[in-house]
Number of protein chains: 2
Amino acid sequence: MLPEKTIERLSQYRRLLLANKQKGKENIFSHEIAVQLHLTSVQVRRDIMLIGYSGTQRKGYNIDLLIEKISSILDDEKGLNSIIIGMGNLGKAISTYFYGKRNKIDIVAAFDIDIKKTGRLISGVWCYHTSDLETIIKEKQISLAILALAPEAAQDITDRIIFAGVKGILNFTSVPLNVLPNVYLENYDMVTSIEKVAYFVKENHLQNR
Amino acid sequence: MLPEKTIERLSQYRRLLLANKQKGKENIFSHEIAVQLHLTSVQVRRDIMLIGYSGTQRKGYNIDLLIEKISSILDDEKGLNSIIIGMGNLGKAISTYFYGKRNKIDIVAAFDIDIKKTGRLISGVWCYHTSDLETIIKEKQISLAILALAPEAAQDITDRIIFAGVKGILNFTSVPLNVLPNVYLENYDMVTSIEKVAYFVKENHLQNR
DNA sequence: ATAAAGTTGTTAAAATATTAACATTGTTTA
DNA sequence: TAAACAATGTTAATATTTTAACAACTTTAT
Ligand SMILES: NC(=O)c1ccc[n+]([C@@H]2O[C@H](COP(=O)([O-])OP(=O)(O)OC[C@H]3O[C@@H](n4cnc5c(N)ncnc54)[C@H](O)[C@@H]3O)[C@@H](O)[C@H]2O)c1
Ligand SMILES: NC(=O)c1ccc[n+]([C@@H]2O[C@H](COP(=O)([O-])OP(=O)(O)OC[C@H]3O[C@@H](n4cnc5c(N)ncnc54)[C@H](O)[C@@H]3O)[C@@H](O)[C@H]2O)c1
């Protein structure tokens with residue numbers, strides 16, 4: 001299995017490659033990728049080595065083929081269905097953002113407990129009541145869930161979706177979730193992010209004295 | 001300077017400690033913190049050692065004092081002013097979320113280029129037109145910016161805010177930004193996050209065969 | 001033809017982060 | 001009073017991630 005950090009970068013390589021392809025470019029050197037993403041060319045080459053793709057010395061990497069190779073690693077062939085739970089400000093922002101983007105990861109349903117939000121389309125995604133959670137997860141073969149709901153309900157809902165078959169969670173609530181060992185959990189904590197930036201801003205000030 | 005990962009955890013320890021204080025708890029053991037955050041007690045103790053705080057063998061750590069110690073490290077005494085640039089769906093979600101939370105990191109202004117959004121309060125924060133960017137940054141001594149604007153404008157705006165004095169950036173656009181070496185840049189890429197979860201979900205499936 | 005330049009692929013080293021080991025210390029209990 | 005226990009604090013070992021070094025190859029220039 002590939003290192004976590006390599007996976008993250010592969011996602012970024014692919015986006016960059018698609019942008020370069022758009023501009024009509026056919027081949028790209030490791031140092032070009034590196035400059036555009038602010039990495040080192042060594043790291044780029046090493047990652048590409050790890051996934052078993054090869055370029056040529058004179059032309060670098062063929063953009064189409066590299067995109068294809070990365071996609072064969074990141075994407076599930078048959079696609080992967082996901083849901084958003086919690087259609088508040090953040091949930092809506094996310095579903096609006098993803099709506100219409102063609103992608104192997106489809107957001108096929110949303111859930112909320114607030115009946116003012118349920119039973120209708122919200123930014124292109126049907127919003128169900130959480131009471132339908134288990135039914136829909138099984139029906140639509142959901143394997144990934146994005147949590148953007150009120151923190152109080154996060155663990156409860158997590159237990160339910162895992163029991164219903166969800167295998168990966170992207171958690172935006174600040175709640176440290178308990179999940180079964182075979183469920184992949186990725187947390188993003190915005191407050192921590194900001195506090196970290198603030199800390200390094202402060203430290204930098206100290207350094208410059 | 002403390003390791004980046006330790007800083008992230010300190011932010012989480014503090015939140016947890018505040019929650020426990022709320023519940024009337026006065027002391028806490030490293031293993032209690034560990035269980036609640038899904039870490040190991042060793043890691044907790046090591047982090048606390050690194051910041052130079054000590055507990056007692058029988059009672060563990062004094063919650064109030066530890067909060068104070070962590071705060072002395074994370075927070076800037078005189079506070080730190082920040083802005084959000086781009087009051088679209090995500091920007092609004094963020095400012096709504098932070099509004100009213102008493103915090104050493106204050107979001108004191110927002111910016112957008114769309115005149116339908118500027119010149120008024122949006123979720124408690126005044127939204128200026130980007131043409132006022134430099135003026136307000138200097139006037140309000142802004143050192144931290146949250147970028148939630150359209151990707152096309154991200155680098156341009158970044159150059160401007162850095163020139164005006166911003167020292168830390170939390171970047172939600174997927175654009176790999178160019179910043180001066182004395183500016184701390186933290187990127188969060190939601191697409192990468194989701195693709196990573198999807199990858200590990202897929203791999204787990206393979207393992208289980 | 002041969003050398004020079006420039007690039008990839010890969011192994012080795014260094015840096016960073018986590019985990020384990022254990023000495024130390026205060027408290028309880030026999 | 002001393003042994004057992006349960007916790008912290010710290011050093012050492014391990015694991016992961018990044019960076020450096022360099023061999024191998026291809027094209028171009030001399
Ligand atoms: N918006 C941000 O910038 C931000 C930052 C950090 C953390 N968060 C976290 O992300 C989550 C969402 O944030 P938000 O700003 O969108 O909050 P929000 O209050 O706007 O939305 C929360 C939504 O969750 C729904 N909900 C509540 N209980 C539910 C349940 N049991 N099942 C399904 N839905 C339920 C509510 O009806 C509401 O629509 C929260 O946990 C918040 O703490 C948000
Ligand atoms: N919403 C998400 O879930 C999500 C996920 C991944 C990435 N992002 C990125 O985050 C950013 C914001 O996303 P969003 O969903 O809020 O988009 P959005 O389109 O709703 O909002 C973008 C806002 O930026 C403003 N803007 C454009 N040019 C500007 C400029 N020069 N100065 C100031 N403001 C300007 C627009 O007027 C708009 O209000 C985008 O770059 C997007 O790619 C968002």
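As the structure is a computational prediction, the values presented were derived from the model and not from experiment.
Among the protein residues, A/Ser41 comes within range of no part of the nucleic acid, since none of its heavy atoms lies under 4.0 Å from any strand.
Reading DNA chain C from its 5' end, the first and the last nucleotide to sit under 4.0 Å from a heavy atom of chain A are C/dG6 to C/dA12.
Atom CD in A/Gln43 sits roughly 11 Å away from atom P in D/dA20 (whole-Å rounding). The CG-P distance, from A/Asp47 to D/dT18, rounds to 8 Å in whole Å. In this entry the distance linking CG of B/Asn27 with P of D/dA7 reads 13 Å, nearest Å. Rounded to whole Å, the distance from CZ on A/Arg46 to C1' on D/dT16 is 11 Å. Between A/Leu50 atom CG and D/dT18 atom P there is a gap of 11 Å when expressed in whole angstrom units. Across the protein-nucleic acid pair, A/Lys5 atom NZ and D/dT18 atom C1' stand 11 Å apart, rounded to whole Å. Residue A/His38 contributes atom NE2, which lies 17 Å from atom P of D/dT18 at whole-angstrom precision. Remark: C1' of D/dA4 and CZ of B/Arg58 are 11 Å apart, rounded to the nearest angstrom.
The residues A/Lys25 and A/Glu32 are annotated as salt-bridged, a charged nitrogen and a carboxylate oxygen being separated by less than 4.0 angstrom.
Relative ring orientation between A/Tyr188 and B/Tyr188 is described as parallel, the plane-to-plane angle staying below 30° on a 0-90° scale split at 30° and 60°.
Contact between the side-chain N/O atoms of B/Gln57 and the OP1/OP2 oxygens of D/dA6 is not found at any separation under 4.0 Å. Between B/Ser54 and the phosphate of D/dG9, there is a side-chain N or O to OP1/OP2 separation shorter than 4.0 Å.
Geometric assessment of A/Lys59 against the ring of A/Tyr61 yields a negative cation-pi assignment under the 6.0 Å and 45° thresholds. By the 6.0 Å and 45° rule, A/Lys196 does not stack over the aromatic ring of A/Phe200.
At a cut-off of 3.5 angstrom, the base of D/dT10 holds no donor-acceptor pair with the side chain of B/Arg45.
Counting heavy atoms from C-beta outward, B/Leu10 and A/Glu195 have side chains that stay 4.5 Å or more apart.
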